[in-house]
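Reading through the structure tokens given below for one structure.
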There are 2 protein chains.
Amino acid sequence: MATTLGLPISEVAQLFDVTTRTIRYYEEVGLLSPVYDESGVRRFQKRDLARLKLILRGKRLGFRLAEIREMILLFNEDRTGRKQLERTITYGEQKIQEVDERIEELHALRHDLMDYKEKFQQKYRALQGESGD
Amino acid sequence: MATTLGLPISEVAQLFDVTTRTIRYYEEVGLLSPVYDESGVRRFQKRDLARLKLILRGKRLGFRLAEIREMILLFNEDRTGRKQLERTITYGEQKIQEVDERIEELHALRHDLMDYKEKFQQKYRALQGESGD
DNA sequence: ATTAGCATTAACGTTAACGTAAAGGGGAAG
DNA sequence: CTTCCCCTTTACGTTAACGTTAATGCTAAT
């Protein structure tokens, strides 16, 4: 059984609905590191795809690439030594907490929007009562 | 009782921990519209401050100014006519749903991070068992 | 052999969201 | 009057995240 070489860039682009330029850029800044076949063509394997998925999720959430890289590299580097490991985990927990705070802020924003909407609906009901009666 | 003129830009900047340039820029792109006193100085009143607060919340959440403007203008324009009002409310509900989706994606990201962390902790425990025993 | 299609790198262009002078007005203090 | 400080507008500079040629290469089909 031949181990699959991985998808070429165009198929990955189609799969995730991004341009090839975007994918190359992510590699350029060290977010992706696909293997190259003997004729110099990028081959994306499962772990590359999983990582890209995470990157795009982060992007949709408005994280900058630098922040996303932090998250990815965090648990991926070959850190050695107990202190390093402990620090990594602590830092990771902090990142997770930041995500939690972000979730709370989103709830606050949701609340604001609901408020605006309610007030707006009152104006609407006023109009309804005025001539719809 | 003299109605307060509103805060000058420097105090607003201090209050929200942003630069005056940022505030002026928000005005430049139509997100803020403070009044000007007789000597041409911007005066920010309560509604301006509330709006700025919402803008900055949106920014922290990674929304672009264009998206934030959409949200703000949504329920603030003087729309008239039932159809317009209905459309505004429908659109607002859609925005709220987008926020909900975003919350879900954040939960997914949180899950991913937790996964990475768990796997990392296993490596850590392996090291502990190796020499800490 | 040439065309077609997808790949590569290199490099310049673009937009958003400000940063950073530069040049000047208004008023309070010395 | 001059200095100081905060305000103003105008305008050029900067960074991130790509978009967009341009020039070239490999491989399969005509």
Side-chain angles (χ1 to χ4, degrees), chain A residues 2 4-45 48-49 51-73 105 109, chain B residues 2 4-45 48-49 51-73 105 109:
Chain A
T4 174
L5 276 159
L7 303 178
I9 197 168
S10 64
E11 294 193 23
V12 178
Q14 222 179 355
L15 197 58
F16 287 93
D17 195 35
V18 295
T19 67
T20 58
R21 175 66 174 102
T22 298
I23 298 175
R24 289 200 191 92
Y25 181 71
Y26 290 165
E27 181 182 356
E28 208 178 311
V29 297
L31 284 173
L32 292 174
S33 28
V35 296
Y36 285 63
D37 66 16
E38 70 285 341
S39 67
V41 171
R42 272 169 266 249
R43 296 293 175 174
F44 294 83
Q45 293 165 337
D48 301 312
L49 303 183
R51 187 174 284 201
L52 179 53
K53 185 175 175 182
L54 197 153
I55 296 171
L56 294 177
R57 191 196 300 288
K59 282 250 71 185
R60 279 194 301 275
L61 290 170
F63 288 97
R64 278 162 301 179
L65 294 184
E67 304 178 70
I68 296 173
R69 180 172 40 214
E70 251 191 314
M71 295 185 199
I72 289 179
L73 294 186
E105 281 227 79
L109 177 63
Chain B
T4 174
L5 277 159
L7 303 177
I9 196 168
S10 64
E11 294 191 24
V12 178
Q14 222 179 355
L15 198 59
F16 288 92
D17 196 35
V18 295
T19 68
T20 58
R21 175 67 175 100
T22 298
I23 298 175
R24 289 200 191 93
Y25 180 71
Y26 290 165
E27 180 183 356
E28 207 178 311
V29 298
L31 283 174
L32 292 174
S33 29
V35 296
Y36 285 63
D37 66 15
E38 68 286 341
S39 69
V41 172
R42 273 169 265 248
R43 296 295 174 174
F44 295 82
Q45 294 166 337
D48 301 312
L49 303 182
R51 187 175 282 201
L52 179 54
K53 185 175 174 183
L54 198 153
I55 296 171
L56 294 176
R57 192 197 298 290
K59 282 249 72 185
R60 279 194 301 274
L61 291 170
F63 289 97
R64 279 162 301 180
L65 294 185
E67 306 177 69
I68 296 173
R69 180 172 39 214
E70 252 191 314
M71 295 186 198
I72 289 180
L73 294 186
E105 281 226 81
L109 176 64

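Everything numeric in this text was worked out from a predicted model, so none of it was measured. A, B, ... follow the sequence lines: proteins, then strands. Residue 1 opens every chain.
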To the nearest Å, give me how far apart [atom1] ([X]) and [atom2] ([N]) are.
X       : N      : atom1 : atom2 : value
A:Leu32 : D:dA17 : CG    : P     : 14 Å
A:Arg64 : C:dA16 : CZ    : P     : 17 Å
A:Arg60 : D:dC18 : CZ    : P     : 13 Å
A:Ile9  : C:dG5  : CD1   : C1'   : 15 Å
A:Leu5  : C:dA7  : CG    : P     : 14 Å
B:Glu27 : C:dC18 : CD    : P     : 15 Å
B:Phe63 : C:dA16 : CZ    : C1'   : 17 Å
B:Ile23 : D:dT8  : CD1   : C1'   : 14 Å

Is the shortest side-chain heavy-atom distance between [X] and [Y] below 4.5 Å?
X        : Y        : answer
A:Arg51  : A:Tyr26  : no
B:Ile55  : B:Leu32  : yes
A:Phe44  : A:Ile23  : yes
B:Leu109 : B:Glu105 : no

State which of [options] makes the closest approach to the side chain of [X].
X       : options                : answer
A:Thr19 : C:dG19, D:dG19, D:dA16 : D:dG19
B:Arg24 : D:dA16, D:dT8, D:dC7   : D:dT8
B:Pro8  : D:dC18, D:dC7, C:dA7   : D:dC7

Task: Residue met sooner reading DNA chain C from 5', once A:Tyr36 and B:Leu65 are mapped to nucleotides - done: A:Tyr36

TODO: Map B:Tyr26 and A:Val41 onto DNA chain C by nearest heavy atom, then report which one ends up closer to the 5' terminus.
DONE: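 Mapping each residue to its closest nucleotide by heavy atoms, the 5'-most match is A:Val41.
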
TODO: Ignoring backbone atoms, test whether B:Ser10 places a side-chain nitrogen or oxygen under 4.0 Å from the OP1 or OP2 oxygen of D:dC7.
DONE: yes

Open item on the list: Check this one for me: any side-chain N or O of A:Arg42 less than 4.0 Å away from OP1 or OP2 of C:dT8?
Closed with: yes

Open item on the list: Return a single string for nucleotides 24-29 of chain D, one symbol per nucleotide in 5' to 3' order, where B is base contact, S is sugar-phosphate-only contact and - is none, cutoff 4.0 angstrom on heavy atoms.
Closed with: ------

Task: A:Phe16 to A:Leu49 - nearest heavy-atom pair and separation - done: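 In this case the closest contact between A:Phe16 and A:Leu49 is CZ-O, 3.6 Å.
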
- [ ] For side chain to side chain donor-acceptor pair (under 3.5 Å), just list the numbers for B:Arg43 and B:Tyr36, CA-CA rounded to whole Å, side-chain angles, deciding distance to a tenth of an Å, and then say yes or no.
- [x] CA-CA 6 Å; B:Arg43 296 295 174 174; B:Tyr36 285 63; over 6 Å; no

Open item on the list: Taking donor-acceptor contacts at under 3.5 Å, does the side chain of B:Arg21 reach the base of C:dT20?
Closed with: yes

Task: A:Glu70 with A:Arg64: basic N within carboxylate O range, under 4.0 Å - done: no

